[in-house]
2 protein chains.
Amino acid sequence: MRTHAQHELTKNQALVYGSLSDAGGPLTAYAILDLLRENGFRAPLQVYRALDKLVEFGMVHRLESLNAFVACSHKGCAGHGSAAFAICEKCGDVREFTPDDVVRLLKDWTESQGFALARTTIELRGTCKSCVASG
Amino acid sequence: MRTHAQHELTKNQALVYGSLSDAGGPLTAYAILDLLRENGFRAPLQVYRALDKLVEFGMVHRLESLNAFVACSHKGCAGHGSAAFAICEKCGDVREFTPDDVVRLLKDWTESQGFALARTTIELRGTCKSCVASG
DNA sequence: GCATCTATGTTATGTTGTAACACACATAGC
DNA sequence: GCTATGTGTGTTACAACATAACATAGATGC
């Protein structure tokens, strides 16, 4: 299996991935576009096309419930299973984790139904520990 | 606990819920708007406001990965746990299920992290049994 | 050379969701 | 009665998210 680092990124892909890594949290496509205007980006498609590839490579995840994107937290990993996300609605923090047992159960269910599973989206909304503590 | 039927819906809420029930599958807000133009609907907000309430009542679920809405498949039920959805990318069919064991594991994880869980989104993308069979 | 594939740039447009403001109607308290 | 409050509604305008369609440029393989 290919590691993230082994993907040779094009210029635009590298710029988009850099934005997301530096941000340390989720960004919308249009937020990325604004960050990259100084690098010559002019149109949303430049961002979306790069994001499509990065998601395909597994280097970036799409957060469906936020319409946003986040760099995979496994910086140099050799690939991993389906990711899940705990999203704090107070501070916006997003924590990625890999609930293998959960994914296993979901796979069991799909297999029992004859459903050919391609992709799993798991997103938890709530309040993170520090926000619970502070308020 | 209140059952779905026990919620007394306003006119707009009833119209929107009716559209979704009749459709038997997911609809976007704008698709609902078009269906209800003959009933006097003119603007998206009329749909979105009704949907907000219906989702709050648990009578309608939002499918984050489709930006669409679907009537809860438990027609007259007395409420139930978090729902999950298997979405066929070939035929568009959406199957709702209630994976209590999965939700239990996710709750365990959030509790271990001090994360106060408010809402769980689980959406599986793939190909349903009959679409797999037919090629 | 030339076909092909991928990436890119650009304009315009399509789709999804809200802000802000005004009005109607019910109900609770005086 | 009549006022305050809360909720539902209608309307215009706009913001945010995403893609279609077409043109150009560079790399690779034959």
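The figures here come from the full heavy-atom set of this structure, side chains too, leaving out hydrogens, waters and symmetry mates.
Remark: nothing in residues 83-96 of chain A comes within less than 4.0 Å of DNA chain D through any heavy atom. Shown for residues 33-43 of chain B: no residue has heavy atoms falling under 4.0 angstrom of DNA chain C.
Residue B:Asn12 contributes atom CG, which lies 14 Å from atom C1' of C:dC25 at whole-angstrom precision. Separating the CG atom of B:Asp52 from the C1' atom of D:dG8 is a distance of 13 Å, rounded to the nearest angstrom. Following rounding to the nearest Å, B:Glu8 (CD) and D:dG8 (P) show an atom-to-atom distance of 12 Å. The distance from atom CG of B:Leu51 to atom P of C:dT18 is 11 Å, rounded to the nearest whole Å. B:Lys11 has its NZ atom 8 Å from the P atom of D:dT9, to the nearest Å.
Pairs engaging residues 101-112 of chain B under the side-chain hydrogen bond (donor to acceptor under 3.5 Å, both in side chains) rule: B:Arg104-B:Asp108 [sequence neighbours left out]. Applying the side-chain hydrogen bond (donor to acceptor under 3.5 Å, both in side chains) rule to pairs touching residues 44-62 of chain A yields A:His61-A:Glu96, A:Arg62-A:Glu64, A:Arg62-A:Asn67, sequence neighbours excluded.
Phosphate proximity of D:dG10 to B:Gln46: present, with a side-chain N or O under 4.0 Å from OP1 or OP2. Remark: A:Thr10 is not in phosphate contact with C:dT6, judged by side-chain N or O atoms under 4.0 Å from OP1 or OP2. An OP1 or OP2 oxygen of C:dA7 is reached within less than 4.0 angstrom by a side-chain nitrogen or oxygen of A:Lys53.
Cluster membership for B:Ile87 and A:Val55, using ILVMFWY side-chain heavy atoms within less than 4.5 angstrom, is not shared. Criterion: ILVMFWY side-chain heavy atoms under 4.5 Å apart, direct or through other members. Under it, B:Leu20 and B:Leu35 are part of a common hydrophobic cluster. Under the 4.5 Å side-chain heavy-atom criterion for Ile, Leu, Val, Met, Phe, Trp and Tyr, B:Leu27 and B:Leu51 are members of the same hydrophobic cluster. If you chain together hydrophobic residues whose side chains sit under 4.5 Å apart, B:Leu124 and B:Val132 never meet in one group. One hydrophobic cluster, built from ILVMFWY side chains closer than 4.5 Å, holds both A:Phe97 and B:Phe115.
At a cut-off of 3.5 Å, with distance as the only test, a side-chain donor of A:Arg125 or A:Ser65 sits close to an acceptor on the other residue.
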How far apart are the C-alpha atoms of B:Phe41 and B:Leu15, what are their side-chain angles, what is the distance that settles it, and do they pass the side-chain contact (heavy atoms from CB on, under 4.5 Å) test?
CA-CA 10 Å; B:Phe41 275 49; B:Leu15 285 166; 3.7 Å; yes

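Checked by atom type and distance alone, the side chain of B:Gln13 never pairs as donor or acceptor with a backbone atom of B:Ala50 at under 3.5 Å.
Atom SG in B:Cys72 sits 11.5 Å away from atom CG in B:Leu54 (nearest 0.5 Å). With values rounded to the nearest 0.5 angstrom, B:Phe69 atom CZ is found 8.5 Å from B:Leu63 atom CG. Here the SG-CG distance, from A:Cys131 to A:Asp93, works out to 8.0 Å after rounding to the nearest 0.5 Å.
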Could you pull out the protein-nucleic contacts involving nucleotides 14-18 of chain D (nitrogen or oxygen on both sides, under 3.5 Å)?
unit_1, atom_1, unit_2, atom_2, d
D:dA18, OP1, A:Arg62, NH1, 3.2
D:dA18, OP1, A:Arg62, NH2, 2.2
D:dA18, OP2, A:Tyr48, OH, 3.0
D:dA18, O5', A:Tyr48, OH, 3.4
D:dA18, N7, A:Tyr30, OH, 2.7
D:dA18, N6, A:Tyr30, OH, 3.3

Short N/O separations, protein against nucleotides 21-24 of chain D, under 3.5 angstrom:
none

